[in-house]
Amino acid sequence: MKFQAPKGTQDVLPSFAAEWNWLETSFRNTCERFGYGEIRTPVFEDTGLFLAGIGEGTDIVHKEMYTFTDRGGRSITLKPEGTAPAIRAYVQHGLGAPGQITRLYYVTPAYRYERPQKGRLREHHQCGVELLGASTADADAEVIDLTVRFYRGLGLTGIGVRLNSLGGEQCRAGYRKALLKFAEPVLKNMPEEFRERCEKNPLRMLDSKDESLQKAMRDAPNIQEYLEPESKEQFDALQDLLKTLDIPFTLEPRLVRGLDYYTGTVFEVQTDMLGAQNALCGGGRYDKLVELIGGPPTPAVGVGIGIERALMMVNAAKIHTPEAPRPDAFLVALTNNRIEVAKIVKTLRDAMIAVETDPEARSAKSQFRRADKSGAKFAVVIGDDELASRHATVKELKTGSVLKVAFELLVTHLKG
RNA sequence: GCGGCGGUAGCUCAGGGGUCAGAGCGCCUGACUGUGGCUCAGGAGGUCGAGGGUUCGAGACCCUUUCGCCGCCCCA
């Protein structure tokens, strides 16, 4: 084989495209039910956008970006996530007048240079929303509600949210210090590289999968006890709202997120069905991001949902998804008069009837086999006899029943 | 970036140094020649991921490389 899809990428073949369309349509419908408007941004951006937005200390920026120099000498990066570009567009086009609420949603590919694994690709797809201009628990609850409704709308049950609050800047700084101090004796015995990573982002230690660290961190200080009054109040209010909305959640003091821009509320939906890549979606509040990107101070909250992972869940749950569309009719041509056949096909397609034909004009047996495989409801036989009598032979493939239908009644018959 | 396991027909896989290039499914053709699904009979299709090496001889052994799967890191 000479060429194949690049490492970590996947083709979506016709037999699977239907379920992608179904999922995306479902997502769009959910968003529009909440009043969100779609935004489509370029697949690549100025590298600086992600350096500023995602944070230079994150793994994404540090080692996972698809960055290259274009012919004009610009540093370009394939977007590794959907939020920063959406916010860039929001700022660039002045979408949010002061005091205004802006609701955006997106469906986009995202690129990260990583070692592929189950549920982890170099090109994957995300859908997500951003709610800008509101700093309340109500806004947080709306985004979580939308997320859960989306999953439930796909037929997934047992969707539970893992919830935490990272607090405001001051309390987070205080907590970091407390955490580092607590972890110091443990880190001393860790490999250098690992230690550096933890010192750069101490919160990361909390959700590490390293067993000894997990164990050591069991008695680590709880961030929820470090929240300043406003954060605490908001976090409590959010929990009350989620209860009202019938959204099950668990408090996860160890839940932190890999992107620097989060502040306050963070959440995830996880599953145990995807091996090590257990996050179905991740989101939270990022009140500083708009400013970082050069906009006016604007509170915001959002979520990013992995499409491939959602589809894996749907399939694992054996949820029935739509199949590829089938033609209404398959025209079996048993004549050399291709012009007359073409006229009939044209008439049917003009009438919005989905018609498939065999362009190779094979034997009757072969064409019927194809008709059967196409999944068409009817086989419409046009041979010299039919052309002479101006009546088509129409066979309903499921039942095998056959009848003659006058050409001028064909459209009506096939539609019925 | 690190570690483990894999790559043989379109798909799922057997073969682990000497007629071993195979099976099932799929595909194509046909069964008194204008009627599918079942059955039966034929048939097409593979530089055994790629490159190098060992050997009289290599899908099979060794090295390199590439892609995939699984894990670490991290995340969707």
Side-chain angles (χ1 to χ4, degrees), chain A residues 1-10 13 15 54 57-64 79-83 107-128 147 191 193-194 196-198 201 204-205 207-211 213 255-259 268-271 274-283 303-313 330 332-336 358 360-387 392-402:
Chain A
M1 213 175 317
K2 196 153 188 191
F3 296 113
Q4 50 186 316
K7 184 183 177 99
T9 66
Q10 278 180 349
L13 302 178
S15 56
I54 298 175
T58 61
D59 280 3
I60 290 181
V61 166
H62 197 229
K63 55 179 199 187
E64 295 174 359
K79 57 176 152 180
E81 53 108 45
T83 295
V107 179
T108 180
Y111 302 86
R112 291 181 201 173
Y113 193 89
E114 296 184 276
R115 188 85 179 257
Q117 208 178 303
K118 186 191 192 86
R120 188 171 75 188
L121 296 162
R122 289 185 172 182
E123 178 187 66
H124 76 281
H125 297 77
Q126 287 188 25
C127 49
T147 302
E193 191 194 343
F194 188 84
E196 267 176 33
R197 207 164 49 226
C198 292
N201 193 345
R204 217 51 88 56
M205 289 186 287
D207 64 351
S208 169
K209 282 172 192 167
D210 182 277
E211 246 178 69
L213 191 61
L255 174 67
V256 297
R257 314 249 337 127
L259 288 70
E268 258 182 24
V269 175
Q270 287 192 356
T271 170
L274 295 181
Q277 311 310 318
N278 57 7
L280 274 180
C281 74
V303 63
I305 296 169
I307 292 182
E308 282 87 349
R309 291 183 187 181
L311 284 176
M312 279 191 242
M313 282 299 291
F330 191 103
V332 176
L334 302 175
T335 171
N336 290 324
D358 177 11
E360 297 277 339
R362 272 172 273 233
S363 69
K365 177 193 285 290
S366 172
Q367 290 192 58
F368 269 93
R369 264 203 283 260
R370 277 158 225 283
D372 185 51
K373 238 168 285 171
S374 77
K377 189 172 178 197
F378 297 105
V380 176
V381 184
I382 302 294
D384 292 320
D385 296 350
E386 284 78 5
L387 288 176
T393 303
V394 177
K395 181 172 192 173
E396 190 175 354
L397 287 165
K398 202 178 247 167
T399 62
S401 67
V402 177

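Below, read A as the first sequence line, B as the second, and so on, with proteins coming before strands; counting in each chain starts at 1.
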Should rG59(B) be called syn or anti, with syn set as within 90° of 0?
syn
Could you check if the base of rG24(B) is syn or anti? Syn means the glycosidic torsion is within 90 degrees of 0.
anti
Distance, rounded to the nearest Å, where [X] contributes [atom1] and [N] contributes [atom2]:
| X | N | atom1 | atom2 | value |
| --- | --- | --- | --- | --- |
| D59(A) | rC72(B) | CG | P | 14 Å |
| Q367(A) | rC28(B) | CD | C1' | 15 Å |
| L387(A) | rG34(B) | CG | P | 17 Å |
| D358(A) | rG34(B) | CG | P | 14 Å |

With centres under 5.5 Å and planes under 30°, do H124(A) and rA76(B) count as stacked?
yes
Classify every nucleotide of nucleotides 2-12 of chain B by which part a protein heavy atom approaches to under 4.0 Å, writing B for the base, S for the sugar-phosphate alone and - for neither, in 5'-to-3' order.
BBB--------
Please state whether the base of [N] and the side chain of [X] form at least one donor-acceptor pair under 3.5 Å?
| X | N | result |
| --- | --- | --- |
| R120(A) | rC70(B) | no |
| E268(A) | rA76(B) | no |
| R112(A) | rA76(B) | yes |

E114(A) with R122(A): basic N within carboxylate O range, under 4.0 Å
no
According to the Watson-Crick and G-U wobble definitions, with both distances under 3.5 Å, which nucleotide is paired to [N]?
| N | result |
| --- | --- |
| rC5(B) | rG68(B) |
| rG37(B) | none |
| rC32(B) | none |

Is there a donor-acceptor contact under 3.5 Å from the side chain of [X] to the main chain of [Y]?
| X | Y | result |
| --- | --- | --- |
| R112(A) | I60(A) | no |
| Q367(A) | R362(A) | yes |
| R309(A) | G119(A) | yes |

How far does the [atom1] atom of [N] sit from the matching atom of [M], given to the nearest Å?
| N | M | atom1 | result |
| --- | --- | --- | --- |
| rA14(B) | rC20(B) | C1' | 10 Å |
| rG10(B) | rC27(B) | P | 15 Å |
| rC61(B) | rC5(B) | P | 13 Å |
| rC40(B) | rU47(B) | C1' | 35 Å |
| rG49(B) | rA9(B) | P | 8 Å |
| rG15(B) | rG7(B) | C1' | 15 Å |
| rA76(B) | rU64(B) | P | 36 Å |
| rU66(B) | rC25(B) | P | 38 Å |

Have a look at R362(A) and say if it touches a base, only the backbone sugar-phosphate, or nothing, with a 4.0 Å heavy-atom cut-off.
sugar-phosphate
Name the nucleic acid region contacted by G8(A), choosing base, sugar-phosphate or nothing; use a 4.0 angstrom heavy-atom cut-off, strictly under.
sugar-phosphate
Note: for V269(A) and S366(A) on RNA chain B, the residue whose nearest nucleotide lies more 5' is S366(A)
Which residue, A279(A) or Q10(A), contacts RNA chain B at a nucleotide closer to its 5' end, judged by nearest heavy atom?
Q10(A)
Report, one pair per line, the protein and nucleotides 35-40 of chain B atoms (nitrogen or oxygen only) whose separation is under 3.5 Å.
{"residue": "rU35(B)", "atom": "O2'", "partner": "K395(A)", "partner atom": "NZ", "Å": "2.9"}
{"residue": "rU35(B)", "atom": "O2", "partner": "K395(A)", "partner atom": "NZ", "Å": "3.2"}
{"residue": "rG36(B)", "atom": "N7", "partner": "K395(A)", "partner atom": "NZ", "Å": "3.0"}
{"residue": "rG36(B)", "atom": "O6", "partner": "L397(A)", "partner atom": "O", "Å": "3.3"}
{"residue": "rG36(B)", "atom": "N1", "partner": "L397(A)", "partner atom": "O", "Å": "2.2"}
{"residue": "rG36(B)", "atom": "N2", "partner": "D372(A)", "partner atom": "OD1", "Å": "2.5"}
{"residue": "rG36(B)", "atom": "N2", "partner": "L397(A)", "partner atom": "O", "Å": "3.0"}
{"residue": "rG36(B)", "atom": "N3", "partner": "D372(A)", "partner atom": "OD1", "Å": "3.1"}
{"residue": "rG37(B)", "atom": "O4'", "partner": "D372(A)", "partner atom": "OD2", "Å": "3.3"}
{"residue": "rG37(B)", "atom": "N2", "partner": "K398(A)", "partner atom": "O", "Å": "3.4"}

Identify, residue by residue, the members of residues 304-312 of chain A with a heavy atom below 4.0 Å from RNA chain B, and return them in order of residue number, or none.
G304(A), G306(A), R309(A)
Tell me whether the side-chain N/O atoms of Q117(A) come closer than 4.0 Å to OP1 or OP2 in rG71(B).
yes
Below the 4.0 Å mark, does rC69(B) have OP1 or OP2 next to a side-chain nitrogen or oxygen of K118(A)?
no
Identified side-chain hydrogen bond (donor to acceptor under 3.5 Å, both in side chains) counterpart of T108(A) within the set H124(A), K79(A), E81(A), H125(A)
K79(A)
Between the CD1 atom in I307(A) and the SG atom in C281(A), the distance rounded to the nearest 0.5 Å is 12.5 Å
State the NZ-CZ distance between K398(A) and F378(A), to the nearest 0.5 angstrom.
11.0 Å
